[in-house]
Amino acid sequence: LASAEAVAAGADPALAIAYLSALRTLGQRPELVGLVSRVAEAYEEAESVQLAAAATLVAHLTRRPIDAPPDEGALSEAAVSLAERLVGRTSSSSSSSSSSSLRPFALTQLANALRLSSRRRDDEARAHFAEAVALAPDNADIHHDEGLFHKARGRFGEALAAFERAEALGREDKALRFN
C-alpha cells in the first residue's frame with residue numbers, strides 16, 4: 001500500500017480514491033484518521049476524494065458491534081467534521097452540477113457519521129437522511145442506510161419501510177436481507 005504522502009504528492013484523484021478504498025479494507029489502526037486526513041487535505045478541491053475520505057471513516061465506524069455505545073472519539077469526530085465540510089461545499093445555493101450530484105451522498109455520509117457517533121444529534125441525522133432521500137429517491141443504498149438509522153433507534157416500522165424501499169429499488173444483498 002502506498003504511503004499517504006506518496007498519494008498526496010501524486011496529484012491524482014483516482015489514485016487517492018483507490019488508496020482510500022484500500023484503507024476501508026484494513027482493520028482498525030491508530031493511524032487511520034491521520035492517513036485519511038492527509039489525503040483529504042491534499043485533495044481539498046476534489047469533492048469526489050472528500051466523499052471517499054468521509055466514506056472511509058464511516059466504514060470504520062460501522063465495524064463496531066451494533067450494541068456498542070456510540071463512538072465519540074477521534075474517528076467519529078473526524079468523520080463528522082469531514083462530512084460536514086463536504087455537505088457545506090455541496091450546498092445547492094453555491095454548487096456546480098458535479099457538487100450537487102454528490103450532495104445526496106455527502107448528506108448520507110454525514111447522517112451515518114452522526115448516527116454512529118452520538119444520539120445527541122439524531123435530529124440532524126434524520127434531517128440529512130430525509131434530504132438525501134429527497135435528492136436521490138431512487139438510490140437504494142441511501143434508503144438502506146436510513147433504515148439502519150431507524151433500526152438502531154428502535155423505530156422498526158420506519159426501518160422496515162426504508163429497507164423495503166431499498167429492496168424495491170433493486171438492492172438484494174445479505175445486509176439488506178438480514179435487516
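In this structure, OG in S118 is found 11.0 Å from CD in E77, a value given to the nearest 0.5 Å. Note: L116 CG to S76 OG = 9.0 Å, rounded to the nearest 0.5 Å. For the atom pair L160 CG and E167 CD, the distance stands at 9.5 Å (nearest 0.5 Å).
Placement of L135 and L110 within a single hydrophobic cluster is found when ILVMFWY residues are connected by side-chain heavy-atom separations under 4.5 Å, directly or transitively. Residues L107 and L114 fall within the same hydrophobic cluster, defined by Ile, Leu, Val, Met, Phe, Trp and Tyr side chains chained together at heavy-atom separations under 4.5 Å. Hydrophobic clustering, with ILVMFWY side chains joined whenever heavy atoms are under 4.5 angstrom apart, groups L26 together with L32. Residues V58 and F149 do not share a hydrophobic cluster, clusters being chains of Ile/Leu/Val/Met/Phe/Trp/Tyr side chains in contact below 4.5 Å. Residues Y19 and L57 share a hydrophobic cluster, clusters being chains of Ile/Leu/Val/Met/Phe/Trp/Tyr side chains in contact below 4.5 Å.
The shortest distance between side-chain heavy atoms of R171 and D141 falls below 4.5 Å. When side chains are defined from C-beta on, E172 counts as touching R177, because their heavy atoms get closer than 4.5 Å. L82 places none of its side-chain heavy atoms less than 4.5 Å from the side chain of L86.
Between the T56 side chain and the L20 main chain, a donor and an acceptor come within less than 3.5 Å of each other. In this structure, the side chain of S117 engages the main chain of A113 through a donor-acceptor pair within 3.5 Å. Of the possible polar contacts, one joining the Q50 side chain to the A40 backbone as a donor-acceptor pair under 3.5 Å is found. In this structure, Y43 contributes its side chain and I17 its backbone to no donor-acceptor pair below 3.5 Å. With R153 contributing its side chain and R115 its backbone, the two residues share a donor-acceptor pair below 3.5 Å.
Nearest approach of F105 to I142, heavy atoms of both residues: CE2-CD1, 4.1 Å. Taking all atoms of both residues into account, the shortest heavy-atom contact from T90 to R103 is O-CD, 3.1 Å. Annotation for L61 and A79: closest pair CD1-CB, 3.9 Å, computed over non-hydrogen atoms. In terms of heavy-atom proximity, A159 sits nearest to G147 at CB-O, 3.4 Å. The heavy-atom pair separating K151 from F156 by the smallest distance is O-CE2, 3.7 Å. Residue H143 comes nearest to P137 through the heavy atom pair NE2-O, 2.9 Å, listed as atom of the first residue, atom of the second, then distance.
Between R155 and D122 no salt bridge is recorded (no basic side-chain N to carboxylate O distance below 4.0 Å). Electrostatic pairing of R126 and E131 does not count as a salt bridge here, judged by no charged N lying under 4.0 Å from a carboxylate O. Salt bridge annotation for R121-E124: present, with a cationic side-chain nitrogen under 4.0 angstrom from a carboxylate oxygen.
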(request) Decide side chain to side chain contact (heavy atoms under 4.5 Å, CB included) for L23 and V36; before the verdict, give the C-alpha distance in whole Å, the side-chain angles of both, and the deciding distance to 0.1 Å. (result) CA-CA 8 Å; L23 286 179; V36 172; 3.9 Å; yes
(request) Using the side chain to side chain contact (heavy atoms under 4.5 Å, CB included) rule, take R89 and E44 through it: C-alpha gap first, then chi angles, then the decisive distance, then the call. (result) CA-CA 11 Å; R89 289 179 57 179; E44 184 65 35; 3.7 Å; yes
(request) Start with the C-alpha distance between T108 and H128, add both sets of side-chain angles, then the distance that settles side chain to side chain contact (heavy atoms under 4.5 Å, CB included), and finish with yes or no. (result) CA-CA 7 Å; T108 302; H128 293 313; over 6 Å; no
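Judged as a ring-ring contact (aromatic ring centres under 6.0 Å, His included), and not counting sequence neighbours, the contacts of H144 are F163.
For R120, the CZ atom counts as loosely surrounded, since its 6.0 Å shell holds 12 or fewer non-hydrogen atoms of other residues, nucleotides or ligands.
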